[in-house]
Amino acid sequence: MSEQAGGPAVGPTLAEWRRAREETEQHLTTGATPPVDAEWVQRLADLLATERSWQDQYTDLIALGSSGGRFPSSNR
């Protein structure tokens, strides 16, 4: 999907979602072992919320090109 007349573009959103996923993965591989401290848990919660936000934005952008403007339900 390309950017039309200043509209949203999928490319940058997908790139940010991937970056958020990579940042979350890096955090998980820091070697923290239970019991993890509150700061580590808060950082993970923040990263996962960021990742979910970017995923939702990406899904919404993809939906713009589908019939009815909604992303289809999963078959899983």
How long is the span from the OH atom in Tyr58 to the CG atom in Leu14, to the nearest 0.5 Å? 4.5 Å
Describe, in one word, how the ring planes of Trp40 and His27 are oriented to each other, choosing from parallel (under 30°), tilted (30 to 60°) and perpendicular (over 60°). parallel
Please list all pairs meeting side chain to side chain donor-acceptor pair (under 3.5 Å) that have one or both residues in residues 44-55, counting only residues at least two apart or in different chains. Arg21-Glu51, Thr24-Glu51, Gln42-Asp46, Ser53-Gln57
Partner set under side chain to side chain contact (heavy atoms under 4.5 Å, CB included) for Glu23, not counting sequence neighbours: Arg19, Arg43, Leu47
Please report the C-alpha distance between Leu64 and Leu61 in whole Å, then the side-chain angles of each, then the deciding distance to 0.1 Å, and finally whether the side chain to side chain contact (heavy atoms under 4.5 Å, CB included) criterion is met. CA-CA 5 Å; Leu64 291 175; Leu61 284 172; 3.9 Å; yes
